[in-house]
Amino acid sequence: MDASRVSPVNLILLGPPGAGKGTQARMLEDRFGLVQLSTGDLLRAAVAAGTEAGQRAKAVMEAGDLVSDEIVIAILRDRLSQADCAGGVILDGFPRTTVQAEALDALLFDMDQGIRAAISLEVEDQAMVERISGRFTCAGCGEGYHDIHKTPAVAGVCDKCGGTEMTRRADDNAETVASRLSAYHAQTAPLIDYYDGRGVLARVDAMAEIDVVAQELSAVVRQATA
Ligand code: ADP
Ligand code: ZN
């Protein structure tokens with residue numbers, strides 16, 4: 001039986017740091033009523049809260065390396081079991097290794113669910129350093145901005161919530177970005193083949209403007225959920 005027809009729509013966004021996964025995941029949340037689940041955000045929250053996992057993850061994240069599968073899978077499992085995820089999730093930044101992808105398959109299988117689509121945001125590495133070093137986020141609502149590509153209508157004021165506190169991530173600097181990109185190519189890029197082999201892979205050109213990428217991505221999601 002093909003359970004994917006009746007079960008929640010679970011999507012994966014694949015792509016290197018800076019590809020726009022977070023921005024597009026928020027867009028998909030609004031348009032399709034799914035819940036964005038970012039392991040980067042969950043880990044940063046754990047670091048800020050000073051949990052044991054957070055303390056172990058902090059230095060690893062600052063160096064641009066991957067946090068251990070064990071920690072990330074535990075965090076993801078907890079979040080996925082919460083009630084608001086029952087209608088479907090957009091996984092942003094997870095899985096990042098084959099071990100994580102297999103753990104996810106097992107978790108979803110136990111919940112009688114599956115992956116409806118894994119969407120690869122395809123970009124060129126050279127553009128990623130510029131994208132990442134220009135980005136900042138509203139501390140109030142999490143909306144993402146960029147010094148060049150997406151400025152708020154009024155400088156310093158969030159378009160979405162009117163907040164005026166903007167934050168930049170500690171790991172969004174040129175040196176760390178280089179490590180994050182190489183971790184992506186070594187450990188995460190093989191997942192493109194992994195999901196292609198399962199027949200759920202879609203590719204979207206993510207070098208275009210944010211709105212253009214959003215259109216193309218929405219079309220892919222509509223098709224995957226039809
Ligand atoms: P980006 O995609 O821009 O690198 P994220 O917010 O997704 O940003 O991740 C930031 C950092 O958090 C990563 O560099 C890594 O250290 C850690 N991290 C996030 N998700 C995972 C994961 N699934 N596995 C291992 N480490 C992760
Ligand atoms: Zn805001």
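No hydrogens, no waters, no symmetry mates; every other heavy atom, side chains included, goes into these values. We're numbering straight along the sequence, starting at 1.
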Side chain to side chain contact (heavy atoms under 4.5 Å, CB included) assessment of Val212 paired with Asp205: CA-CA 9 Å; Val212 175; Asp205 173 13; over 6 Å; no
Criterion side chain to side chain contact (heavy atoms under 4.5 Å, CB included) on Glu130 and His149, from CA distance to verdict: CA-CA 10 Å; Glu130 186 250 31; His149 305 296; 3.1 Å; yes
Step-by-step salt bridge (Lys or Arg N to Asp or Glu O under 4.0 Å) determination, Arg168 to Asp147: CA-CA 11 Å; Arg168 288 183 195 255; Asp147 292 327; 2.9 Å; yes
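Look at Arg131 and Asp172 and you find no salt bridge, because none of the NZ, NE, NH1 or NH2 atoms lies under 4.0 Å from a carboxylate O. A salt bridge links Lys160 with Asp30: the closest approach of a Lys/Arg side-chain nitrogen to an acidic carboxylate oxygen falls below 4.0 angstrom.
When each of Ile73, Asp105, Leu191, Val72 is tested with Pro95 by the rule side-chain contact (heavy atoms from CB on, under 4.5 Å), just one qualifies, namely Leu191.
In this structure, Arg44 CZ and Thr137 OG1 are separated by 8.0 Å, a value rounded to the nearest 0.5 Å. Atom CE of Met166 is separated from atom SG of Cys138 by 5.0 Å, given to the nearest 0.5 angstrom. For the atom pair CD of Glu122 and CD1 of Ile192, the computed distance is 5.5 Å after rounding to the nearest 0.5 Å. Distance CG/Leu13 to CG/Leu37: 11.5 Å, rounded to 0.5 Å. Put simply, CG on Leu91 and CG on Leu34 are 10.5 Å apart, with the number rounded to the nearest 0.5 Å. To the nearest 0.5 Å, atom CD1 of residue Ile132 and atom OG1 of residue Thr176 are 10.0 Å apart.
A donor-acceptor pair under 3.5 Å is formed between the side chain of Gln100 and the backbone N or O of Arg96. Without hydrogens or angle criteria, Lys21 side chain to Ile12 main chain gives no donor-acceptor distance under 3.5 Å. No donor-acceptor pair closer than 3.5 Å links the side chain of Arg56 to the backbone N or O of Val67. Remark: the backbone N or O of Arg203 is not paired with any side-chain donor or acceptor of Ser120 at under 3.5 angstrom. For the pair Gln24 (side chain) and Ile210 (backbone), a donor-acceptor distance under 3.5 Å is present. For Asp159 (side chain) and Ala153 (main-chain N/O), a donor-acceptor pair under 3.5 Å exists by modelled atom type. Between the side chain of Glu29 and the main chain of Gln36, a donor-acceptor pair closer than 3.5 Å is present. Judged by distance alone, with hydrogens and angles left aside, the side-chain atoms of Asn10 form no donor-acceptor pair with the main-chain N or O of Ile115 at under 3.5 Å.
Taking all atoms of both residues into account, the shortest heavy-atom contact from Pro8 to Ala86 is CG-O, 3.0 Å. Listed here is the closest heavy atom pair of Val157 and Pro152: O-CB, 3.1 Å. Across all their heavy atoms, Pro190 and His185 have their closest contact at CD-O, 3.9 Å. Pairing each heavy atom of Met207 with each of Glu124, the nearest pair is SD-N, 3.4 Å. The two residues Arg116 and Ala224 have their closest heavy-atom pair at CG-O, 3.2 Å. The heavy-atom pair separating Val213 from Ala208 by the smallest distance is CG2-O, 3.6 Å.
Tracing side-chain contacts under 4.5 Å through hydrophobic residues (I, L, V, M, F, W, Y), one never reaches Leu28 starting from Val200; they form parts of separate clusters. Note on Val9: it clusters hydrophobically with Val204, by side-chain heavy-atom contacts below 4.5 Å among ILVMFWY residues. In the hydrophobic clustering of this structure, Leu66 does not group with Val99; members are Ile, Leu, Val, Met, Phe, Trp, Tyr whose side-chain heavy atoms approach within less than 4.5 Å, directly or through other members. No continuous path of ILVMFWY side-chain contacts below 4.5 Å connects Ile119 to Leu108, so the two sit in separate hydrophobic clusters. With hydrophobic clusters built from ILVMFWY side chains whose heavy atoms lie under 4.5 angstrom apart, Leu14 does not share a cluster with Val220.
Figure legend: Arg180 and Tyr184 shown without cation-pi pairing, the cationic atom not lying both under 6.0 angstrom from the six-membered ring centre and within 45 degrees of its axis.
When the shell of 6.0 Å around CD of Gln82 is examined, it contains more than 12 heavy atoms from other residues, nucleotides or ligands. Crowding of Lys58 atom NZ: a count of heavy atoms from other residues, nucleotides or ligands under 6.0 Å not exceeding 12.
Side-chain contact between Met61 and Arg169 is absent, with no heavy atoms from C-beta onward closer than 4.5 Å. The side-chain heavy atoms of Val221 and Ile90, taken from C-beta on, include no pair separated by under 4.5 Å. Within the 4.5 Å cutoff, no side-chain heavy atoms of Val177 are placed close to those of Pro17. Side-chain contact between Thr97 and Glu102 is absent, with no heavy-atom pair separated by less than 4.5 Å. For the pair Arg26 and Ser38, the minimum side-chain heavy-atom distance is 4.5 Å or more. The shortest side-chain heavy-atom distance between Glu209 and Gln215 does not fall under the 4.5 Å cut-off. Using a 4.5 Å heavy-atom cutoff, the side chains of Cys85 and Arg79 are in contact.
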